[in-house]
Amino acid sequence: MTICDTRSPKIISKANHRRRRYPTLDKYIFPEIMKVFPKPINVDQQIVVSSDENFSMKGIPVSEGVATGIVRVALDLEEASLLQPGEILVTYSTDIGWSPYFPILGGVVTELGGLISHGAVVSREYGLPCIAGLHGATQQFKTGDYVRLDGNKGILQKISKPEES
């Protein structure tokens, strides 16, 4: 006899409770390394967003190359579905579900990860410049920013959009 066969009201109630809480809990972001009790880093977060036009951040260079283009901040696959060809993806992290978007990207930036993270490995496979470990990038950059992604040095920098002729 399995749990599904018994249809215990207590278990069904617990499952329904977890299903209702999942959308809230799924939005929590945790640090790469945790000690003692895990605490989401996006709760009560005080990040000062820079308005400097030439603002830059340095992370871990994980795939060589340089790209310039428009940023698309996507924290989940629903937002990723809005990606346009040549855009530079800025996200918290990637997994296998993000793989179909890599062929159209101009570059990849992740807050989590390193040399062997999913985003780094797939970026190298596609020859895309990629920076990992750029903590706070999803708050500092917004969709529509024009940037230069230097995968050789690990620098993501806001730049002025070139004039269209």
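What you see below is based on every heavy atom in this structure, not just the backbone, and it leaves out hydrogens, waters and symmetry mates.
- In this structure, Y101 and A80 approach most closely via the heavy-atom pair CE2-O, 3.5 Å.
- Of all the heavy atoms in V73 and T143, the pair that sits closest is N-OG1, 3.0 Å.
- Within the 3.5 Å criterion, the main-chain N or O of T91 finds no donor-acceptor partner in the side chain of T138.
- Looking only at distances, a side-chain donor or acceptor of S123 sits under 3.5 Å from a matching main-chain atom of G119.
- In plain terms, the two heavy atoms of F141 and Q157 that are nearest each other are CE2-C, 4.5 Å.
- Between the side chain of T94 and the main chain of H118, no donor-acceptor pair closer than 3.5 Å is present.
- Annotation: the span from C130 atom SG to I88 atom CD1 amounts to 11.0 Å, rounded to 0.5 Å.
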Next on the checklist: Please determine whether side-chain contact (heavy atoms from CB on, under 4.5 Å) holds for the pair W98 and L89, giving the CA-CA distance in whole Å, both sets of side-chain angles, and the decisive distance to 0.1 Å.
Outcome noted: CA-CA 11 Å; W98 295 77; L89 172 65; 3.9 Å; yes
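- The two atoms that bring A67 and G106 nearest to each other are CB-O, 3.4 Å, heavy atoms only.
- R72 places no side-chain N or O within 3.5 Å of a backbone atom of V90 that could act as its donor or acceptor partner.
- Judged by a 6.0 Å distance limit and a 45° cone about the ring axis, K158 is not positioned over the six-membered ring of Y146.
- Separating the OH atom in Y92 from the CG atom in L134 is a distance of 12.5 Å, to the nearest 0.5 Å.
- Within the 4.5 Å cutoff, no side-chain heavy atoms of L149 are placed close to those of V66.
- Side-chain atoms of Q84 come within 3.5 Å of backbone N or O of L82 as a donor-acceptor pair.
- The two residues I96 and P100 have their closest heavy-atom pair at O-CD, 4.0 Å.
- Under a hydrophobic clustering in which Ile, Leu, Val, Met, Phe, Trp and Tyr are joined whenever their side-chain heavy atoms come within less than 4.5 Å, directly or via other members, L105 and V109 fall into different clusters.
- Checking side-chain atoms of K58 against main-chain N and O of L156 turns up no donor-acceptor pair under 3.5 Å.
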Checklist entry - Taking it one step at a time, do I131 and K153 satisfy side-chain contact (heavy atoms from CB on, under 4.5 Å)? => result CA-CA 9 Å; I131 302 170; K153 297 178 182 175; over 6 Å; no
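- Between the side chain of N152 and the backbone N or O of G65, at least one donor-acceptor pair lies under 3.5 Å.
- Between the side chain of R21 and the backbone N or O of N16, no donor-acceptor pair lies under 3.5 Å.
- To the nearest 0.5 angstrom, H17 atom NE2 is 16.0 Å from I12 atom CD1.
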Next on the checklist: Show, in sequence, the C-alpha distance, side-chain angles and deciding distance for Q139 and E111, and conclude whether the side-chain contact (heavy atoms from CB on, under 4.5 Å) test is met.
Outcome noted: CA-CA 10 Å; Q139 284 87 30; E111 289 195 21; 3.9 Å; yes
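- Under a 3.5 Å cut-off, the side chain of Q140 and the backbone N or O of G136 do not form any donor-acceptor pair.
- Counting all heavy atoms, side chain and backbone alike, I159 lies closest to T68 at CD1-CG2, 4.1 Å.
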Next on the checklist: As a quick check of understanding, evaluate side-chain contact (heavy atoms from CB on, under 4.5 Å) for V108 and F102, giving each step before the final call.
Outcome noted: CA-CA 8 Å; V108 179; F102 278 75; 3.6 Å; yes
